[in-house]
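Note that these values count all heavy atoms, side chains included, but never hydrogens, waters or copies made by symmetry. Residue numbers start from 1 in every chain, and the chains themselves are labelled A, B, ... in the order their sequence lines are given, proteins ahead of strands.
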Amino acid sequence: MPVLRKPPTPRLRVARAFRFSRRMHVPFDPAAGLDEVLRSAAVTAGLPDADGFRPEVRTADPRHGDFQANGVLGHAKARKLNPRAVAEQLIAALPAGIRDSFDVAIAGPGFINFTLRSSALQAWLGAYSDAAALRAGAAGLGREHAGRTWVVDYSGPNTAKQMHVGHLRSAVIGEAICRLLQFTGARVIRDNHLGDWGTQFGKLIYGYKRWADPKALAEDAIEELERLYRLGNDATPEGSPELDEARRELVKLQQGDPENVALWRKFSEVSLAAFQQIYDRLGIRFDHHLGESFYNDKVERVYRELSEAGIAEDSAGALVVFHDDHPRFSRHAERPNPFMVRKADGASGYASTDLATALYRSEHFGADGIVIVTDFRQSDHFEQLFLTVRRWFAAKGHRLPALHHVSFGAVTGEDGKALKTRSGGTIKLKALLDEAEERALAIVTEKNPGIPEAERLEIARIVGIGAVQYADLSQNRSSNYVFSWDKMLSLEGNTAPYLLYAVARIHSIFRKAGVSPGDAAALAAADAPVEPTEIALARKLVKFPDAVRQAVDGLRPHYLGLYLFELAGDYSSFNNAEKVLVDDPAVRARRLLLCARTLLVLETGLGLLGLRTLTRM
RNA sequence: GCGGUGGUAGCUCAGGUGGAUAGAGCAACGGUUUUCUAAACCGUCGGUCCCGGGUUCGAGUCCCGGCCACCGCGCCA
């Protein structure tokens, strides 16, 4: 950050800029009161069945206005009234104050359009002037998050293995969801549900005890553990005495044999250290790493309670749950697909630890909501899990949190098939992030060779990692996504570099002006937006709450990404059409204010998606 | 077989509880810089919203039937 020279500023003007916010509360979402106002107007106007009138206020296409009420059409048609006439009556009954904020018009067959007046835009810009104000405004946005506890379960790699490209989406989407929930006022607990227990440890211990190489372990522990697992796996074919030996190692581990437990602990520790290196690059820090092993001693209670409640039953020696009121999970289904709580050999599995995990999160964390971020192939499993949890918790009087499976599609190569290295191997996440930074560095160096190398490296880190994160977050998580270096690192289109570039350009203006973007005094002389691109930009800025609400309600970060892309586009148009640092102090302050708020919203929004931003690129 | 997800411009994708003339980006073509980062901006071209019915003032969106792709479906996680 360059040292900013602060010019002398006339103090008298400070109060003027915030005259709107001082006088009245400016709602964070400008549409907040419209629904209520329209429903009262329906009563005042004596509309037939006014109590049943639903205004259906929503964000409008900017060509029509900022918000529109669609409800008049349906209400009028159902009662054989003329929609336009009804709209006229409604508008006439609106309180006078509404026109201080909005221009109101009837359009088309009976839509009521509300367009924010320039003064109302200015009031919002005055009221939401820093990150704290945005955060305060956002608390309670969306449905029922404020003050509630949400456990978010994401990433969840298997220990003793490297993270690969398949682990990317859960980590990136999960972190964005955490930040969005927090921003809207929730208390978020980040829980990394590690795959740290299971039959693979028998084979790994078998391999470790025979072939472990201390030097390789010191250099790259995970790499070595993967090698030892492969050796162990190859040495223990089905039916061999070696496999029996590996199984004995597993039993010893499960029975608490000190040597094997110590080994297993070591595997977990080195794995976690390696994972954290990835998480650091992605800006992720978990509150807990409660993996499958943690629930080892908690599954007995699950068996007991489910059996007592008559929910689980014996089937071919296994303990299973059917949901007969559900066509697919009923015992009467053509191909019955029970939820396997305990296997016939008595071992616990995925289902039982997940059930124990749900109970722990409810009892220990007091979770009001649980979000589990895994790929779409596990949808059936989680549907069964949630069905089972609901019946179980109801029967036993456990407190039931809201349960969400946040699923996502596969990452594919440009050929539409699973992403692989050129030789057909799995792409390691570390290698992928390295390549992102290398590619970003090459681009920065080409575009801006004048920047010192240390700074170029930092820029490459932010742009490269951000590109990978944003490529994922900019798209609806439900669909598969095509991994393309060229697209994600392009400066054109809905990409991280495009957004980060807009941020960098705004910083550049403030550097040139010798003013800090947070310098309220410097922006005090600003009056309301005038030029078309100024107004368009301001109108987009006040839609930030709408974007956050959409993203958090749907647990779909791409709504926020899309908004930020459009905001950056409106900013670029403004930036291209109007010069900011003009001589006229009023115009200059007006445009600097727009720059400052665009910067604030872009930086806040990108931060919510888990991206870091920069001041120069 | 049952189920999930998807099918929207040449390509990659948005489209809220049904709402106005279905939108972006890329690609293609043309234009904009003595001016705060041209890594930008502006414009043009581009549509059987997979197909067929239905519901209604109004359907890309809801319902029914079908087609295609990927995926899941008892002891892996």
Exercise. Starting at the 5' end of RNA chain B, which residue's closest nucleotide do you reach first, A/I509 or A/E56?
Worked result: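 The residue mapped nearer the 5' terminus is A/E56.
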Seminar exercise, completed: Comparing A/K579 with A/P109, nearest RNA chain B nucleotide closer to 5' gives the residue A/P109
Which part of the nucleic acid, if any, lies within contact of [X], taking any heavy atom under 4.0 Å across all strands shown: a base, the sugar-phosphate backbone alone, or nothing?
{"X": "A/E334", "result": "sugar-phosphate"}
{"X": "A/V482", "result": "sugar-phosphate"}
{"X": "A/N113", "result": "base"}
{"X": "A/D61", "result": "nothing"}
{"X": "A/S490", "result": "nothing"}
{"X": "A/F565", "result": "sugar-phosphate"}
{"X": "A/L562", "result": "sugar-phosphate"}
{"X": "A/A78", "result": "nothing"}
{"X": "A/K512", "result": "sugar-phosphate"}
{"X": "A/G409", "result": "nothing"}

Whole-Å gap separating [atom2] ([N]) and [atom1] ([X]):
{"X": "A/E492", "N": "B/C42", "atom1": "CD", "atom2": "C1'", "answer": "14 Å"}
{"X": "A/N575", "N": "B/C42", "atom1": "CG", "atom2": "P", "answer": "11 Å"}
{"X": "A/Q68", "N": "B/U21", "atom1": "CD", "atom2": "P", "answer": "12 Å"}
{"X": "A/Y501", "N": "B/A40", "atom1": "OH", "atom2": "C1'", "answer": "5 Å"}
{"X": "A/R58", "N": "B/G18", "atom1": "CZ", "atom2": "P", "answer": "8 Å"}
{"X": "A/Y563", "N": "B/G15", "atom1": "OH", "atom2": "P", "answer": "17 Å"}
{"X": "A/F574", "N": "B/A40", "atom1": "CZ", "atom2": "C1'", "answer": "14 Å"}
{"X": "A/Y481", "N": "B/G6", "atom1": "OH", "atom2": "P", "answer": "18 Å"}

So, is [X] close to the [N] phosphate, meaning a side-chain N or O under 4.0 Å from OP1 or OP2?
{"X": "A/Y559", "N": "B/G15", "answer": "yes"}
{"X": "A/R511", "N": "B/C36", "answer": "no"}
{"X": "A/S379", "N": "B/G3", "answer": "no"}
{"X": "A/Y498", "N": "B/C41", "answer": "yes"}

For this session: Tell me which nucleotide among B/A14, B/A39, B/A40 gets nearest to the side chain of A/S572.
Result: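 For the A/S572 side chain, the nearest candidate turns out to be B/A40.
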Seminar exercise, completed: Regarding the side chain of A/S573, the nearest nucleotide among B/G6, B/A39, B/C41 is B/C41
For this session: Would you indicate whether the side-chain heavy atoms of A/W264 and A/L204 approach each other to under 4.5 Å?
Result: no
Sticking with atom [atom1], work out how far [N] lies from [M], rounded to a whole angstrom.
{"N": "B/G16", "M": "B/C73", "atom1": "P", "answer": "31 Å"}
{"N": "B/G47", "M": "B/G23", "atom1": "P", "answer": "14 Å"}
{"N": "B/C42", "M": "B/G10", "atom1": "C1'", "answer": "24 Å"}
{"N": "B/U17", "M": "B/C76", "atom1": "C1'", "answer": "41 Å"}
{"N": "B/U61", "M": "B/G54", "atom1": "C1'", "answer": "15 Å"}
{"N": "B/C64", "M": "B/G18", "atom1": "P", "answer": "16 Å"}
{"N": "B/G66", "M": "B/A9", "atom1": "C1'", "answer": "26 Å"}
{"N": "B/U34", "M": "B/G30", "atom1": "C1'", "answer": "24 Å"}

Looking just at side-chain N and O atoms, do [X] and [Y] make a donor-acceptor pair shorter than 3.5 Å?
{"X": "A/D354", "Y": "A/H381", "result": "yes"}
{"X": "A/N476", "Y": "A/R556", "result": "yes"}
{"X": "A/T388", "Y": "A/H323", "result": "yes"}

Is there a Watson-Crick or G-U wobble partner for [N] with both distances under 3.5 Å, and which nucleotide is it?
{"N": "B/G47", "value": "none"}
{"N": "B/U5", "value": "B/A69"}
{"N": "B/A77", "value": "none"}
{"N": "B/G25", "value": "B/C11"}
{"N": "B/U33", "value": "none"}
{"N": "B/C62", "value": "B/G54"}

Seminar exercise, completed: Checking A/R616, A/R612, A/M617 against A/L614 for side chain to side chain contact (heavy atoms under 4.5 Å, CB included), the one that qualifies is A/M617
Check: [X] side chain, [Y] main-chain N or O, donor-acceptor pair, under 3.5 Å:
{"X": "A/T357", "Y": "A/T353", "answer": "yes"}
{"X": "A/N494", "Y": "A/F565", "answer": "no"}
{"X": "A/K298", "Y": "A/F294", "answer": "yes"}

When you compare the protein's N or O atoms with those of nucleotides 62-66 of chain B, which come within less than 3.5 Å of each other, and at what distance?
none

For this session: Let me have a per-nucleotide readout for nucleotides 70-77 of chain B, 5' to 3', with B, S or -, counting only protein heavy atoms under 4.0 Å.
Result: -SSBBB-B
Exercise. Above 12 or not: heavy atoms from other molecules or residues under 6.0 Å from CZ of A/R79?
Worked result: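 Above 12, so yes.
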Got a salt bridge between [X] and [Y], using NZ or NE/NH1/NH2 to carboxylate O under 4.0 Å?
{"X": "A/R39", "Y": "A/D35", "value": "yes"}
{"X": "A/D375", "Y": "A/R169", "value": "no"}
{"X": "A/E566", "Y": "A/K543", "value": "no"}
{"X": "A/K343", "Y": "A/D345", "value": "no"}
{"X": "A/D570", "Y": "A/R539", "value": "no"}

Problem set entry | pi-stack flag for A/H558 and B/A14, centroid dist under 5.5 Å, interplanar under 30° | no
For this session: Confirm from the modelled atom types if A/D546 and B/G16 form a donor-acceptor pair under 3.5 Å, side chain to base only.
Result: yes
